[in-house]
Amino acid sequence: MCIRDSSTNDNDIKLSLKLVKEEKKKVLLKFSVSCLETNKEKIKKLLLKAPSDVKGAIELSEKWLLSNNIEIKSGSNKERKMLSKAINTLISNECIAPGKLAGRVSAFPQRGKYATLFLWDTCFINLGLELINPDLAKDAILLLTGNLREDGKMYQFICSTWARPKESQSPLVGWAAWRLYKLIEDTEFIVKVLPSLEKNIDWWFKYRDPTCSGIVECYNPLETGWDDTPRLDKGPVKPADINTYLWLQMKACGKMAEVLGLYEKAEKWNDELKKFGKRIKETLYCEEDNLFYDVLVETKEYFKIKTPACFIPLLADIGLPREKAKRMIKEYLLNEEYFFGKVPFPSVSYRENCYQPDQWWRGPLWMPIGYLMLEILKKYGFDKQVKNNC
């Protein structure tokens, strides 16, 4: 008997069925499910190779730690302790897994509870991995691009046995991949990822822009990376952040093509980038408030809820004058009434009625977004505020 899981493109799952005759004319159904191929001999060798005493285990762990770039040279004792714990957490959550994750080391948010490669998490986890061990950072990106669905969709997450079939997540992989390339300058790496990134861009415009407006839409908050954000409380939106991430991915494709000597392709991406940037500014920038907003799909009105997404387009070069960008930052992002309170950059402005201090993506700081806000401050010359307050 053979059953296919229709929610994925996985191979058939084979069920071995056996009818066993018992007394009282009952039929007992027994079955076993084999989802993954397991190399028993390989596992046996690994187990036999492992130390059998505590001292040996400690020595092996120390050897692994020394093989990574984890020297901490500055900071207070408190900061060094915190950073050491963060580094230990990162490398401890790396795992060689079977199935869809086979052949590379996977970066898990947590091996015990979240043994899953998330698109969003991976792009930010790599901020640390690329400094500790660039090979681990490469594996994380290549697992995402290597498991691209046939139509170009990049899954929200990938497990050993399946990938989430419905939602995707913000197209940040181009941004993360280009950042990693600038650090390692490995052309073989971009040869592998460029086709997947290009195909993924096509997926966004084909499946998330049903009206062919040239601006993609969002129907599920999971795709923003902010799981229960109030930004979609009034329905689907044309999101300021996702469109910016897509712009950054298009820019990365152009840069990669140039590195590979594909100058015609690079020129094509640069032309597309200018057109897309213009559409983002014309659609999502509110001149009256000097702020970017999500736009409601149904009414085409600005959804004027102030969140860090309002500033994400400042990461892109889309024709907004620098003086307006700096005024936006001073008026809102560095204003303690909106976003620069005791703990800067809440997921929703302190002044919004929907701000909830006990609801993760409706109030408190979301660290990945906090990082992007710091990048914006640096880009526009607010380094002093970053050092003194963050």
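Quick note: residue numbers are just sequence positions, from 1. Values in this document were obtained by computation on a predicted structure and should not be read as measured data.
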| message | Just so I know, are the side chains of L273 and W247 near enough to count as touching, which here means a heavy-atom distance under 4.5 Å? | response | yes
| task | Run the salt-bridge test on R164 and E167 with the 4.0 Å N-O cut-off and return the result as yes or no. | result | yes
| request: Verify salt bridge (Lys or Arg N to Asp or Glu O under 4.0 Å) between E94 and R111, making sure each step is shown before the conclusion. | output: CA-CA 8 Å; E94 297 297 305; R111 287 177 65 176; over 6 Å; no
| message | Tell me whether L296 shares a hydrophobic cluster with F292, the cluster being built from Ile, Leu, Val, Met, Phe, Trp, Tyr side chains joined at under 4.5 Å. | response | no
| Rounded to the nearest 0.5 Å, what separation is found between the CZ atom of F382 and the CG atom of L374? | 13.5 Å
| query | Is D53 atom CG crowded by more than 12 heavy atoms from other residues, nucleotides or ligands, each under 6.0 Å away? | reply | yes
| task | Using the salt bridge (Lys or Arg N to Asp or Glu O under 4.0 Å) rule, take K324 and E287 through it: C-alpha gap first, then chi angles, then the decisive distance, then the call. | result | CA-CA 10 Å; K324 286 190 175 182; E287 183 77 42; 2.6 Å; yes
| message | Around atom NZ of K268, are there more than 12 heavy atoms from other residues, nucleotides or ligands closer than 6.0 Å? | response | yes
| message | Consider side-chain contact (heavy atoms from CB on, under 4.5 Å). Of P346, S349, P230, which one does Y355 pass it with? | response | P346
| said: Can you tell me if L183 has over 12 outside heavy atoms packed within less than 6.0 Å of its CG? | reply: yes
| task | Without swapping roles, check the side chain of N335 against the backbone of E331 for a donor-acceptor pair under 3.5 Å. | result | yes
| note | Tightest non-hydrogen contact, residues A252 and W178, listed as CB-CB, 3.8 Å
| task | Give a yes or no on whether D358 atom CG has more than 12 heavy-atom contacts from other residues, nucleotides or ligands under 6.0 Å away. | result | yes
| Closest approach of A177 and I141, non-hydrogen atoms and distance? | CB-CG2, 4.2 Å
| For residues D289 and Y332, is any side-chain donor paired with an opposing acceptor at under 3.5 Å? | no
| Minimum-distance pair of heavy atoms, taken over all atoms of P308 and W226 | CD-CH2, 3.8 Å
| request: Please round to the nearest 0.5 Å and tell me the distance separating atom CG of N220 and atom CD of Q169. | output: 10.0 Å
| task | Please determine if R179 forms a cation-pi arrangement with W175, meaning its NZ or CZ atom is less than 6.0 Å from the six-membered ring centre and no more than 45° off the ring axis. | result | yes
| query | Nearest 0.5 Å, what's the OG-CG distance between S168 and N200? | reply | 6.0 Å
| task | Say whether, by atom type as modelled, one donor and one acceptor occur between the side chain of N88 and the main chain of S84 under 3.5 angstrom. | result | no
| request: Determine whether K166 and E223 make a side-chain contact, defined as any pair of heavy atoms from C-beta on separated by less than 4.5 Å. | output: no
| message | With heavy-atom distances below 4.5 Å as the criterion, would you say the side chains of V191 and L260 are in contact? | response | yes
| query | Can you tell me if K81 and S76 form a side-chain donor-acceptor pair at under 3.5 Å? | reply | no
| Gap between atom CD1 of I190 and atom CG of L180 - 0.5 Å precision | 10.5 Å
| field | Flag for S213-D209: side-chain donor and acceptor within less than 3.5 Å | value | yes
| Flag if over 12 foreign heavy atoms under 6.0 Å of CD, E267 | no
| message | Using a strict threshold of under 4.0 Å (side-chain N to carboxylate O), is an ion pair present between E298 and K234? | response | no
| request: Among F339, Y350, F340, find the one that has a ring-ring contact (aromatic ring centres under 6.0 Å, His included) with F345. | output: F340
| said: Main chain of A309, side chain of T307: is a donor-acceptor contact present, judged purely on distance under 3.5 Å? | reply: yes
| task | Indicate, with yes or no, if V297 and L232 share a hydrophobic cluster defined by side-chain heavy-atom contacts under 4.5 Å among Ile, Leu, Val, Met, Phe, Trp and Tyr. | result | no
| query | What distance separates L291 CG from L284 CG, expressed to the nearest 0.5 Å? | reply | 11.0 Å
| request: Would you kindly say whether W204 and Q249 are connected by a side-chain donor-acceptor distance under 3.5 Å? | output: no
| message | Please give me the minimum heavy-atom distance between A140 and L117, naming the atom from each residue. | response | O-CD2, 4.1 Å
| field | Side chain proximity check, K238 to D294, heavy atoms < 4.5 angstrom | value | no
| Can you tell me if CD on E323 sees more than 12 non-hydrogen neighbours from other groups inside 6.0 Å? | yes
| query | With a 4.5 Å limit on heavy-atom distance, are the side chains of Q156 and L119 in contact? | reply | no
| request: Measure from the ring center of Y114 to the ring center of F108 and say whether it is less than 6.0 Å. | output: no
| Just checking, K255 and Y181: is the charged tip under 6.0 Å from the six-membered ring centre and within 45° of the axis? | no
| query | Any chain of hydrophobic side-chain contacts (each under 4.5 Å) joining L248 to L246? | reply | yes
| message | Other residues, nucleotides and ligands only: do more than 12 of their heavy atoms fall within 6.0 Å of CD on E375? | response | yes
| message | I'd like to know if D233 and R362 make a salt bridge, using a cut-off of under 4.0 Å between side-chain N and carboxylate O. | response | yes
| said: Just checking K379: does its NZ atom have more than 12 heavy atoms from other residues, nucleotides or ligands closer to it than 6.0 angstrom? | reply: yes
| request: Return yes if a side-chain donor-acceptor contact under 3.5 Å exists between Y219 and E217, otherwise no. | output: yes
| field | Exercise: identify the closest heavy-atom pair between I305 and C310 | value | O-SG, 3.8 Å
| task | Walk me through it: do D241 and R231 pass the test salt bridge (Lys or Arg N to Asp or Glu O under 4.0 Å)? | result | CA-CA 11 Å; D241 53 349; R231 293 167 52 201; 2.7 Å; yes
| request: Return yes if some donor-acceptor pair links the side-chain N/O of S160 with the main-chain N/O of A97 below 3.5 Å, else return no. | output: no
| query | Where is the tightest heavy-atom contact between C159 and K100, given as atom of each residue plus distance? | reply | O-CB, 3.4 Å
| message | To the closest 0.5 Å, what do you measure between OG1 (T122) and CG (L143)? | response | 8.0 Å
| task | Could you check if a side-chain atom of I201 sits within less than 4.5 angstrom of a side-chain atom of C253, using non-hydrogen atoms only? | result | yes
| Under 3.5 Å: donor-acceptor pair, side chain of K153, backbone of P165 | yes
| said: Please check this pair: side chain of R279 against backbone of G214, looking for a donor-acceptor N/O pair closer than 3.5 Å. | reply: yes
| task | Look at the side-chain heavy atoms of Ile, Leu, Val, Met, Phe, Trp and Tyr, link any pair under 4.5 Å apart, and say whether I369 and L314 land in one connected group. | result | yes
| query | Is there a donor-acceptor pair closer than 3.5 Å between any side-chain N or O of T283 and the backbone N or O of I280? | reply | no
| query | Side chains of M154 and V173: closer than 4.5 Å at any heavy-atom pair? | reply | yes
| Mind checking whether Y302 and F311 sit in one hydrophobic cluster, side chains of I, L, V, M, F, W, Y counted as touching below 4.5 Å? | yes
| Test of ring centre spacing under 6.0 Å for F205 and F276 | yes
| said: Could you check whether any side-chain heavy atom of R327 comes within less than 4.5 Å of a side-chain heavy atom of N290, counting everything from C-beta outward? | reply: yes
| task | For D139 and S106, indicate whether the former's side chain and the latter's backbone hold a donor-acceptor pair under 3.5 Å. | result | no
| said: Does the Lys NZ or Arg CZ of R351 fall within the cation-pi geometry relative to Y338 - under 6.0 Å from the ring centre and within 45° of the axis? | reply: yes
| request: Classify the angle between the aromatic ring planes of W366 and W360 as parallel (below 30°), tilted (30 to 60°) or perpendicular (above 60°). | output: perpendicular
